[in-house]
Amino acid sequence: MAARAAGPLPEYLAGLNPEQLEAVLHEDGNLLILAGAGSGKTRVITTKIAYLIAERGLAPESILAVTFTNKAAAEMRERACAIEPACARANLRTFHSFGAWFLRRNAAAAGLDRDFTIYDDDDSTTLLRAAFPELSRPEAGKIASAIARAKDYGLAPDAPDLERGFGGKDFRRRYAEYENRLRATGNVDFGDLISLPVRVLDREPAIRERVHARFRVIMVDEYQDSNVAQFELLKALAGPDAYVCVVGDDDQSIYRFRGAEVRNILSFPEVFPRTSVVKLERNYRSYQSILDIASRVVENNEGRLGKTLRATRKGGEKPTLAVLRDHDEETAYCVRVIDAHLRKGGSFSDVAILYRTNAQSLAFERAFPPAGIPYRLVGALRFYEREEVKDALALLALASNPRDEVAFRRVANKPARGVGEASLEAVVEAAFRGDGNLVAAAAEAQAKSAKARAGLAAFAALMKRLAERLGAPGGGRGDGLDALDLPDVVGRALPDDAPGPSIPPPVAPGAERLSAVVEYAVRESGLLRYHKDQDDIAGSQKTANLDELVNAASDYPATREGLSAFLEAVELDRAMSSGEVSQDAVTLITMHNTKGLEFPVVVIAGMEQGLFPRDDDEGDDLEEQRRLFYVALTRAKDELHITYCRRRLFRGRIMEYQPSRFLAEVPREMLRPFGGKLDLSMAEAAGAWKTGTRVYHDDHGAGYVARVAPAGEAGVCVTVRFETGRTLQFFPKFTKKLERMGD
């Protein structure tokens with residue numbers, strides 16, 4: 001592009017700050033716009049597109065701008081066209097939309113039908129099962145997910161490094177056969193929308209030259225979210241004379257589990273020569289007191305380019321760190337925060353509760369309706385509507401009532417026990433010719449196949465064991481519970497027809513709790529393994545949800561009466577949280593789902609070591625979790641609250657938790673304390689002793705830290721592997737002979 005002639009700037013550039021204006025006007029070499037949270041990056045990229053067309057005379061068709069979601073692409077187009085209508089002719093798409101556009105125009109070179117179909121995850125699973133009938137659907141789904149991840153990393157079936165990250169048995173062979181079958185159909189999966197254009201551009205010089213001549217400007221938004229395959233596509237699309245401009249924030253790269261590679265943005269200046277870096281550090285969202293905490297946390301990451309956010313808004317109070325006894329106090333604290341905000345004239349929709357895992361939503365889903373607080377669950381089903389939770393509840397419902405046909409049909413063959421629909425129908429018919437007991441009918445079933453008979457017998461045996469764990473039927477509520485005084489609901493009045501709270505029967509001292517039975521049921525039924533194996537990412541969430549269901553049962557005794565009361569409470573919780581969600585509602589959301597959002601009041605819940613971050617998060621994983629915390633912190637506009645609970649339920653047992661190591665990275669004077677005193681000794685120790693740290697011991701010599709685990713009053717337990725081959729454990733708090741090398 002020729003140099004811009006001197007003269008007055010167009011009016012639409014007048015509102016840009018100096019750094020934003022520098023980014024828009026830049027045109028020599030390539031450009032990395034390092035855009036901090038709340039710094040107006042979308043405005044910059046859309047204004048730059050309009051400027052290149054309106055002021056620099058570029059043909060709209062010569063501009064390719066890509067992002068990651070249809071919503072973001074639509075917003076980019078709308079905002080650019082509002083400045084310059086000709087922007088409508090530019091190629092503004094998602095990565096995958098561009099891949100489909102490219103492949104339909106070059107279908108023959110890619111070995112595809114021009115009218116190819118794009119297979120989704122379910123289609124890929126079906127194709128794998130057709131190739132390998134011995135696989136169950138969950139097994140095939142797990143392999144399909146692994147293939148998708150391999151494609152995100154640009155790894156073909158014959159890639160030498162395939163086993164390094166995907167070492168499952170026969171994975172290379174199954175991946176290759178899947179590819180053969182997919183190519184034979186003439187169709188593509190989502191990974192192909194990125195990898196096949198790269199292959200065509202690499203192998204077809206004429207197509208490559210045509211593409212390079214067409215796209216003179218290539219822009220990528222949210223570049224920190226790009227994966228390896230998308231990075232390769234960008235390099236293939238960029239001709240020697242192309243102007244490449246990427247916008248992103250290395251501190252907000254939080255999708256590594258989806259294949260995002262933060263090194264793409266860190267290495268951009270080295271990969272694309274003559275790159276200028278413009279940092280957008282003025283934050284238009286949050287008060288400085290919030291930004292200071294975010295900066296102090298994320299600066300502990302080594303893998304970052306570095307920037308410091310500066311607030312344009314004046315004022316603001318210190319964020320609050322609430323040290324609480326347990327999750328009940330945590331939900332009560334959140335109700336208090338919401339009530340205080342309403343009294344100041346705010347609305348429910350101003351408030352967001354952020355947490356690390358979806359399973360943490362249950363405590364708020366249960367606490368908010370009785371307090372009259374409407375809520376909106378973002379990015380997930382309500383807790384009791386999640387598949388794995390409904391499966392476990394069906395198993396418990398059948399244990400409570402062996403005549404429950406709906407529950408029987410849901411779990412009798414889940415996970416698969418070789419029981420087909422015909423066998424299930426036969427059991428139901430036999431049961432209702434008798435007393436309706438489906439479990440007894442399953443035990444006596446005369447199914448046609450030996451596999452079905454064995455499956456039904458095993459299921460009936462499981463239900464019998466559950467019944468034995470629950471003991472003899474209880475005697476109802478003749479225990480004086482109805483006379484107990486309940487505390488008044490804090491806050492707002494409930495509707496007249498709202499169901500009342502369900503009171504669990506008392507658990508005798510030393511008696512088994514229902515949580516132990518629920519844990520036994522999901523484990524012995526195979527439901528835990530079934531959901532864990534669906535895929536690595538969703539599986540971990542599903543396991544956490546089942547753990548949370550176990551926790552929910554911990555207030556009830558392991559009796560039939562206790563189970564009945566628990567199931568009744570679940571139904572009441574469902575009833576209280578059902579119905580249309582008001583527009584004015586508190587947002588319940590995981591930290592990952594908050595990207596790009598902002599709220600006047602934010603509560604970050606569950607800052608305990610082991611929960612966030614996990615104890616085994618080290619190296620790149622720990623740095624990504626720290627970036628996730630940074631993203632969560634920078635969602636807050638006016639108020640920020642952080643909660644830490646000393647105790648939480650885990651699989652029905654009360655566990656002591658230490659503060660998150662991230663809290664030790666925030667100077668105490670930056671936070672306003674609420675509740676108990678915070679002991680950061682363990683968090684500070686966890687931060688000081690990191691996996692991979694070189695150490696020396698007077699008696700054992702040199703070695704390195706292999707693992708760091710919490711150890712209660714002792715701080716942390718450090719596992720060290722020495723060069724002698726020995727592996728030993730130490731408590732640094734009490735061990736003076738173990739030293740970090742370089743200290």
Given Asp251 and Lys307, is the salt bridge (charged side-chain N to carboxylate O under 4.0 Å, His left out) satisfied, shown in steps?
-> CA-CA 9 Å; Asp251 291 333; Lys307 62 185 174 307; 2.8 Å; yes

Identify the two heavy atoms, one from [X] and one from [Y], that lie closest to each other, and give their separation to 0.1 Å.
{"X": "Ala37", "Y": "Arg635", "result": "CB-NH2, 3.8 Å"}
{"X": "Leu527", "Y": "Leu546", "result": "O-CD1, 4.4 Å"}
{"X": "Val278", "Y": "Ala23", "result": "CG1-CB, 4.2 Å"}
{"X": "Ala80", "Y": "Ala50", "result": "O-CB, 4.0 Å"}
{"X": "Gly141", "Y": "Thr125", "result": "CA-OG1, 3.5 Å"}
{"X": "His26", "Y": "Lys48", "result": "O-NZ, 2.7 Å"}

Treating [X] as the side-chain partner and [Y] as the backbone partner, does any N or O pair qualify as donor plus acceptor under 3.5 Å?
{"X": "Arg282", "Y": "Asn17", "answer": "no"}
{"X": "Ser253", "Y": "Asp250", "answer": "no"}
{"X": "Asn264", "Y": "Asn227", "answer": "yes"}
{"X": "Asn106", "Y": "Phe102", "answer": "yes"}
{"X": "Gln224", "Y": "Asp249", "answer": "yes"}
{"X": "Arg199", "Y": "Ser195", "answer": "no"}
{"X": "Arg386", "Y": "Leu381", "answer": "yes"}
{"X": "Glu84", "Y": "Cys81", "answer": "no"}
{"X": "Asn413", "Y": "Gly418", "answer": "yes"}
{"X": "Glu261", "Y": "Arg256", "answer": "no"}

Distance under 6.0 Å and angle within 45° of ring axis: Arg258 vs Tyr255 | yes

Can Arg104 be said to sit on top of Phe116's aromatic six-ring, NZ or CZ under 6.0 Å from centre and within 45° of the ring axis?
-> yes

Take a 6.0 Å sphere around [atom1] of [X] and say whether it holds more than 12 heavy atoms from other residues, nucleotides or ligands.
{"X": "Lys235", "atom1": "NZ", "result": "yes"}
{"X": "Asn70", "atom1": "CG", "result": "no"}
{"X": "Glu134", "atom1": "CD", "result": "yes"}
{"X": "Arg263", "atom1": "CZ", "result": "no"}
{"X": "Asp161", "atom1": "CG", "result": "yes"}
{"X": "Arg105", "atom1": "CZ", "result": "yes"}
{"X": "Glu11", "atom1": "CD", "result": "no"}

Please report the interatomic distance [atom1]([X]) to [atom2]([Y]), rounded to the nearest 0.5 Å.
{"X": "Thr117", "Y": "Asp123", "atom1": "OG1", "atom2": "CG", "result": "8.5 Å"}
{"X": "Asn301", "Y": "Arg626", "atom1": "CG", "atom2": "CZ", "result": "5.0 Å"}
{"X": "Leu128", "Y": "Ile143", "atom1": "CG", "atom2": "CD1", "result": "6.0 Å"}

Passing option when Thr590 is tested against Asn358, Val378, Leu628 for side-chain contact (heavy atoms from CB on, under 4.5 Å) | Asn358

Salt bridge check: are [X] and [Y] linked by an N-O gap of less than 4.0 Å?
{"X": "Glu61", "Y": "Arg89", "result": "yes"}
{"X": "Arg181", "Y": "Glu177", "result": "yes"}
{"X": "Arg149", "Y": "Asp152", "result": "no"}
{"X": "Glu19", "Y": "Lys279", "result": "no"}
{"X": "Arg304", "Y": "Glu623", "result": "no"}
{"X": "Asp621", "Y": "Arg614", "result": "no"}
{"X": "Glu27", "Y": "Arg56", "result": "yes"}
{"X": "Asp202", "Y": "Arg208", "result": "no"}

Would you indicate whether the side-chain heavy atoms of [Y] and [X] approach each other to under 4.5 Å?
{"X": "Leu112", "Y": "Val188", "value": "yes"}
{"X": "Leu9", "Y": "Leu21", "value": "yes"}
{"X": "Ile63", "Y": "Phe215", "value": "no"}
{"X": "Ile147", "Y": "Phe171", "value": "yes"}
{"X": "Pro197", "Y": "Val200", "value": "no"}
{"X": "Ile218", "Y": "Val246", "value": "no"}

After noting the C-alpha distance and the side-chain angles of Ser124 and Leu127, does the key distance pass the side-chain contact (heavy atoms from CB on, under 4.5 Å) rule?
-> CA-CA 5 Å; Ser124 296; Leu127 191 63; 5.7 Å; no

Could you verify whether a donor N or O on one side chain and an acceptor N or O on the other, from [X] and [Y], lie under 3.5 Å apart?
{"X": "Tyr178", "Y": "Asp189", "answer": "yes"}
{"X": "Tyr12", "Y": "Glu55", "answer": "yes"}
{"X": "Ser136", "Y": "Glu139", "answer": "yes"}
{"X": "Asp391", "Y": "His531", "answer": "yes"}

Would you check, one step at a time, whether the test salt bridge (charged side-chain N to carboxylate O under 4.0 Å, His left out) holds for Glu75 with Lys71?
-> CA-CA 6 Å; Glu75 182 183 3; Lys71 180 181 178 182; over 6 Å; no

Worked verdict on Leu234 versus Val66 for side-chain contact (heavy atoms from CB on, under 4.5 Å) = CA-CA 10 Å; Leu234 176 61; Val66 293; over 6 Å; no

Pick from Gln360, Glu388, Glu387: which one makes a side chain to side chain donor-acceptor pair (under 3.5 Å) with Asn545?
-> Glu388

Decide side-chain contact (heavy atoms from CB on, under 4.5 Å) for His96 and Ile118; before the verdict, give the C-alpha distance in whole Å, the side-chain angles of both, and the deciding distance to 0.1 Å.
-> CA-CA 11 Å; His96 289 94; Ile118 301 171; over 6 Å; no

Quick one: do Glu385 and Arg382 satisfy salt bridge (charged side-chain N to carboxylate O under 4.0 Å, His left out)? Show the steps, please.
-> CA-CA 5 Å; Glu385 299 306 317; Arg382 292 176 184 267; over 6 Å; no

Aromatic rings His592 and Phe257: how do their planes relate, parallel, tilted or perpendicular, breaks at 30° and 60°?
-> perpendicular

Passes side-chain contact (heavy atoms from CB on, under 4.5 Å), Ser361 versus Leu377? Steps please.
-> CA-CA 8 Å; Ser361 73; Leu377 196 63; 3.8 Å; yes

